[in-house]
Amino acid sequence: RDNDYTRRARVPSQDEIGSLYTSFYANASSQFKGRRLLVVDDNQTNREIMRLRCEAWGMVVSATEFPAQALEWVRGGATYDVAVLNIMMPEMDGIMLARKIRETSQLPLIAWTALGRADTGTEELFRASMHKPLRPSTFYDVLTAVFENRARVVAVQSPTFDKSLGKRYPLRILVADDVSVNQRMMLLMLEKLGYEAQAAGNGLEVLQMMQQTTYEVILMDVNMPEMDGLEATRRIHEIYAEGRPRIVALTANVTQPEREMCLGAGMDDFLAKPIVTDHLRDALVRAGEWKLGARPAAPLAEVESVSQPASEWPELPDELLDLNGLQNVRQVAEIGGPEALQSLLDLFAEELPAVIGQIDEAHAKGDLATLSAAGHKLRGSAANFGAQRLAVLGQRLENRGKEGQSLGLKELVEPLRREHAAAQQALLKEFTTPPEEVDGLPAGPLDPNGLQNIHQVAEFGGREAVQSLLDLF
């Protein structure tokens with residue numbers, strides 16, 4: 001908290017780590033368990049990130065900064081299922097090491113390079129080529145291809161948004177959410193993925209729109225007024241026994257009971273809020289495969305969950321904004337430009353005070369049910385903007401209302417407008433101040449995109465692992 005670096009390099013909480021945990025990590029734990037990996041890289045941070053990631057997948061990792069030592073291990077009879085070699089290393093680079101390994105072993109080799117590919121003419125040495133920084137999903141795909149003995153893979157880092165997805169998996173999509181901010185963000189994400197979706201504000205609107213249009217996927221918020229997502233899903237099963245759409249639950253309550261409720265109502269998949277673009281893309285791929293009948297999509301019950309009872313109230317963070325939560329806003333700016341970004345900032349400025357007004361009124365009347373619903377809405381909207389302090393206050397209000405606890409509400413309600421104003425100022429500073437350069441150097445000390453590997457380490461190794469990396473820095 002004493003300087004900009006410490007603030008921006010904050011270690012994510014266990015709740016945040018859980019919300020980032022995706023289904024393929026769980027699949028990898030069984031698919032890769034016991035596989036032996038050799039990592040050769042002269043950069044200690046890269047080795048540590050790779051080790052933590054692969055050990056979380058159940059792999060046995062041997063890592064070294066010295067190519068000569070790796071060669072000695074292989075020649076000495078050590079057995080590995082695959083090796084990852086950094087291409088750019090002093091004394092003996094990855095290509096030289098690969099040629100020496102090939103003299104005595106057919107060990108599958110993966111090239112790891114900032115260039116995204118090995119040098120021309122090295123195809124016979126490497127089964128795959130990966131590019132830095134490496135996303136877990138990319139690495140997972142590469143390892144799967146190597147272990148399944150597929151043709152050589154060149155895994156150049158793919159962009160977060162893939163507009164060809166809508167062509168590969170054409171789907172008619174309906175977004176059901178009662179919060180304008182959530183609708184706007186989801187529609188923009190879908191547009192960038194190649195889809196032109198429609199939106200509904202509650203379950204009744206969903207049923208009405210389904211009478212006019214045939215949808216193949218409904219991204220269904222669980223908590224909505226008039227008719228919630230669970231009841232709407234039950235009605236859809238009753239009305240559309242054949243040819244019903246695939247229903248993906250959207251909820252901020254990332255708990256096992258919530259998932260079981262969704263599954264029991266007839267939902268097919270699950271996305272945690274705030275929505276992560278990669279997770280949305282994966283859900284759409286599963287929906288596309290479900291539609292084509294190519295192979296069974298991962299059912300809701302098999303997706304990893306975070307078991308956190310609603311009664312456990314999160315700590316109030318020190319920082320106003322969370323970098324992870326800001327990623328979606330940055331992506332909206334990339335998709336729609338300044339106008340789309342401004343429309344979201346306007347929604348934050350206009351809609352959240354209205355929700356806070358609902359909370360004030362419910363508090364004054366002692367209406368805990370309305371207060372809980374408004375707290376839920378505040379939490380979801382604030383989280384989409386990375387306004388984590390405001391989101392936590394919303395969650396506490398939601399929990400208090402659900403549990404029928406009126407004591408201490410004043411201490412939660414009074415700071416809401418102040419926290420909203422502070423978050424709004426922080427967002428304006430974050431997104432409307434043009435970046436400046438001094439002597440060709442960027443104005444800010446850190447690049448949020450460059451922090452992704454640190455956040456990934458947090459997913460696998462928790463706070464201790466991140467601290468070890470910060471100590472290396």
Side-chain angles (χ1 to χ4, degrees), residues 15 18-19 176-183 201-205 220-234 249-262 264-265 267 270-275 305-317 325 347-348 351-385 387-420 423:
D15 290 347
S19 70
D177 199 305
D178 61 309
V179 180
S180 302
V181 171
N182 298 346
Q183 280 189 13
N202 57 56
L204 286 175
E205 291 184 15
M220 184 87 79
D221 185 26
V222 172
N223 293 288
M224 294 183 290
E226 298 186 54
M227 182 186 289
D228 64 25
L230 299 173
E231 180 58 27
T233 299
R234 296 186 192 101
L250 309 177
T251 179
N253 295 323
V254 192
T255 62
Q256 187 59 34
E258 180 87 358
R259 292 174 186 269
E260 290 170 357
M261 259 199 319
C262 295
M267 292 176 164
F270 189 100
L271 285 175
K273 289 183 175 182
I275 304 301
S305 66
V306 179
S307 297
Q308 181 193 3
S311 58
E312 292 188 12
W313 301 340
E315 301 248 341
L316 194 65
L347 282 173
F348 186 86
E351 181 165 307
L352 269 70
V355 176
I356 293 172
Q358 294 172 12
I359 291 172
D360 285 336
E361 185 177 348
H363 178 228
K365 293 180 177 179
D367 183 352
L368 294 180
T370 300
L371 185 140
S372 180
H376 174 82
K377 185 180 291 189
L378 178 66
R379 171 169 71 146
S381 297
N384 265 326
F385 287 91
Q388 56 182 0
R389 286 177 63 87
L390 200 57
V392 166
L393 289 171
Q395 182 173 355
R396 289 181 178 180
L397 287 166
E398 179 186 2
N399 293 346
R400 287 280 181 95
K402 284 180 178 178
E403 296 169 2
Q405 295 188 25
S406 56
L407 291 176
L409 284 178
K410 183 178 179 182
E411 289 76 11
L412 297 178
V413 173
E414 282 187 344
L416 290 179
R417 294 191 186 278
R418 183 176 67 250
E419 290 289 345
H420 173 261

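- Taking the side chain to side chain donor-acceptor pair (under 3.5 Å) definition, one finds that Ser406 meets it with nothing, sequence neighbours left out.
- With sequence neighbours left out, the side chain to side chain contact (heavy atoms under 4.5 Å, CB included) criterion links Ala232 to Met220, Met227.
- With sequence neighbours left out, the ring-ring contact (aromatic ring centres under 6.0 Å, His included) criterion links His363 to no other residue.
- Applying the salt bridge (Lys or Arg N to Asp or Glu O under 4.0 Å) definition to pairs two or more places apart or across chains, those involving residues 368-378 are Asp178-Lys377.
- With sequence neighbours excluded, the residues forming a salt bridge (Lys or Arg N to Asp or Glu O under 4.0 Å) with Glu414 are Lys410, listed by chain and number.
- Scored by the salt bridge (Lys or Arg N to Asp or Glu O under 4.0 Å) test, Asp228 finds no partners at all (sequence neighbours excluded).
- Residues passing the side chain to side chain donor-acceptor pair (under 3.5 Å) test with Asp177 are Asn182, Lys273, sequence neighbours excluded.
- No side-chain donor-acceptor contact under 3.5 Å links Ser372 to the backbone of Leu368.
- A heavy-atom distance below 4.5 Å is found between the side chains of Leu416 and Leu378.
- Using a distance-only test at 3.5 Å, with no hydrogens or angles considered, a donor-acceptor pair links the side chain of His420 to the main chain of Phe348.
- Residues Leu390 and Leu352 have side chains in contact (heavy-atom distance under 4.5 Å, counting atoms from C-beta outward).
- With values rounded to the nearest 0.5 angstrom, Asn223 atom CG is found 13.0 Å from Asn202 atom CG.
- Every residue two or more places apart in sequence or in another chain that forms a salt bridge (Lys or Arg N to Asp or Glu O under 4.0 Å) with Glu419 is listed here: Arg389.
- Residues passing the salt bridge (Lys or Arg N to Asp or Glu O under 4.0 Å) test with Asp360, sequence neighbours excluded: Arg417.
- Counting heavy atoms from C-beta outward, Arg396 and Leu316 have side chains that approach closer than 4.5 Å.
- For the pair Phe385 and Val181, the minimum side-chain heavy-atom distance is below 4.5 Å.
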